[in-house]
Amino acid sequence: MMEKRYMGRCASPGLALGPLVSFAPEAHTRIASGAVEIETEALREALAIARADLRKLVNRSTCETAEILGFQIALLEDDVLAEPAFLAVTEGRAAHDAWRAAMDAEIAGYESSDDEYFRARAADLRDIRDRVLANLSGSLAVADIPPGAVVAAVDLAPSRFLGIDWSQGGGLVLTAGSATSHVAMLARSRGVPAVVGLGADLSELAGPALVDAHRGVVIVDPGPAARAQFEIDARDASATRALADAAALRPAVTSDGTPIRVMLNIADPDELTGLDPAICDGIGLVRTELLFHGRHGLPDEEHQYAVYRRIAEWAKDRPVTIRTLDAGGDKPIPGLTVAGESNPFLGVRGIRLSFARPDVFRVQLRALARAAVHGDVKIMLPMVTLPRELAAARAMVDEEIASLASRDIPSRRPSLGIMVEVPAAAIAADQFDADFFSIGSNDLTQYVAAAGRDIDAVADLADAVAPAMLRLLRYVVDAARKQNIEVSLCGDAGGDPRAIPLLLASGLRTLSMAPALVGGAKLALAAVDLRLLPEPARWPR
Amino acid sequence: MSEKSLTGSALLVNDVGLHARPSVKLTQLAKRFGARIEFARDAAGPWVDAKSPVKVMRFKAAKGETLHFRANGPDAAVALAAILALIEGGFATDGEASSQHSGT
């Protein structure tokens, strides 16, 4: 057997070794029987299996996923859904053709709606359609995937990912897919190594495979050398993880005894599952884009409230800073963001989009004010450029709180702060009467350096701790202190052991980072003696 | 329908109209009653079965629309009251609030 190497992009880091199992729900090789009774029975059975599978999934899902599945079950339990398909079968059509045609008509009805909430549900119907088709064609059901396998697919619906038993390890390899997709996020939160965008045809992916997701490498039929290297990497990875895991629970303090507040960046409450709140002083950044992303459309107030409340309850009394929708730029959301902008990073993104779509923004503000009853929830506005934007958002928060009060719905006024990531806001930081600042070093760096973070050729210019950035950080920190405003940093630099000493030298005492980086960051902090740090960068006089 | 229907109407006040979650709530509540329950945009119809999530979703009612309901059957009065309360309450804030209607 010849070893074959494939390259893709990392969607979730980690190592896996196991048999490849191809999962192709779209492969419909079913041959119609030609008999009405047999076709009717086949469709009836495929529907029953789909209902049973979804009910099983509900039991092991988080509340938000369970709600989506509950909707799908409600539709599948309604005889009206399959009525046209059964009718077509009695007229001589094959079960799979009849079902597909009936569902495509139903889906078209959703897609033609003027209302994006309805349009977005089309994805749920496509999921139902494909699930029943897979049952009809007898293709592999997720329940048949052996534990520990490396699952290969073109793309994978979140419901199918959740249906796979990952308890024995395994990995995920997608020939399409994106690192920002819902399934990639689920893989990260479950610790399933995943590589996406693999340059391979699904039919090539068979046999034993080795996945080094961090490097984006998949090796099919690995030879002895690759296997030996894998053993070494796996040992290293587990040793490094053990060291960082032990450090994560230590207090965050520099060698001279200065306490540093370490906060978490998260994108989904699932990331908190199994995480001890004692590793952090709170959550410094909850990204809310995934809630709005893709398959299930714009989340309503109840859905958002449930998610925010769950995070607040996890954190107990620790602060939870939730950023309002930061769509646009490199994070488009169909039906919401402005398509075809010549330079989306300089366009209608973040708070600018929220003002363009106040209907969507107000739903989120209400959900946040309600969740604030259950913990120290703070609202953070992304991409603020001018003080008047903060004032406008504050007025909207006030209006939504008044509206909740008028309906006797409990709420509490969260503190309202801004991301400092637009140079204009950083340079005029003294002009903002925000409750807190959080420096978004990723965007601030790319705007200060005029070097896009998605462009490899200029990536080395976008240095979050270049002198220009450190001067700016120092200024923002000083401006915040003078006004008694809390200030923190939540970009990638916050969890980077090489950047941490320079950030502390700039005066920062609160850093927010991905949960997996907490241990390494605390080790880096412990090695810093603030008394020995170089003078902070200042503007030359 | 030959027997006399009970009728009533309610304004859709929740933000997203009768989309997925509210549709499921409405049909689940309707199914608790023996009465035939239907709704429409116009007091004269055409009427849609309030126990079918597929049909409720096809109806695509948006926020701000007034929905007319009619109910037929022995428990029609209780059913109608519960359903109007569900809609006027913006489909309640959580699960407990919707189940209290069934107790009446």
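For clarity, every value in this text was computed on a predicted model and none was experimentally measured. Chain letters run A, B, ... following the sequence lines, proteins first and then strands; every chain starts at 1.
Between the CZ atom in A:R121 and the OG atom in B:S23 there is a gap of 9.5 Å [rounded to 0.5 Å].
Closest of all the heavy-atom pairs between A:A74 and B:V24 is CB-CG2, 4.0 Å.
In this structure, A:E399 places its CD atom where more than 12 heavy-atom neighbours from other residues, nucleotides or ligands lie under 6.0 Å away.
Residue A:V80 touches chain B through both its backbone and its side chain, counting heavy-atom pairs closer than 4.5 Å. At a 4.5 Å heavy-atom cutoff, A:R362 makes no contact with chain B through either its backbone or its side chain.
Annotation: maximal heavy-atom pairing with chain B below 4.5 Å, among A:L75, A:L125, A:D300, occurs at A:D300. Interface check for chain A: of the options B:V56, B:D49, B:L18, B:V13, the most heavy-atom pairs under 4.5 Å are formed by B:L18. Interface check for chain A: of the options B:H19, B:R21, B:K51, the most heavy-atom pairs under 4.5 Å are formed by B:R21.
In this structure, the side chains of A:E106 and B:M57 stay at 4.5 Å or more apart for every pair of heavy atoms. The closest side-chain heavy-atom distance from B:P22 to A:E302 is not below 4.5 Å.
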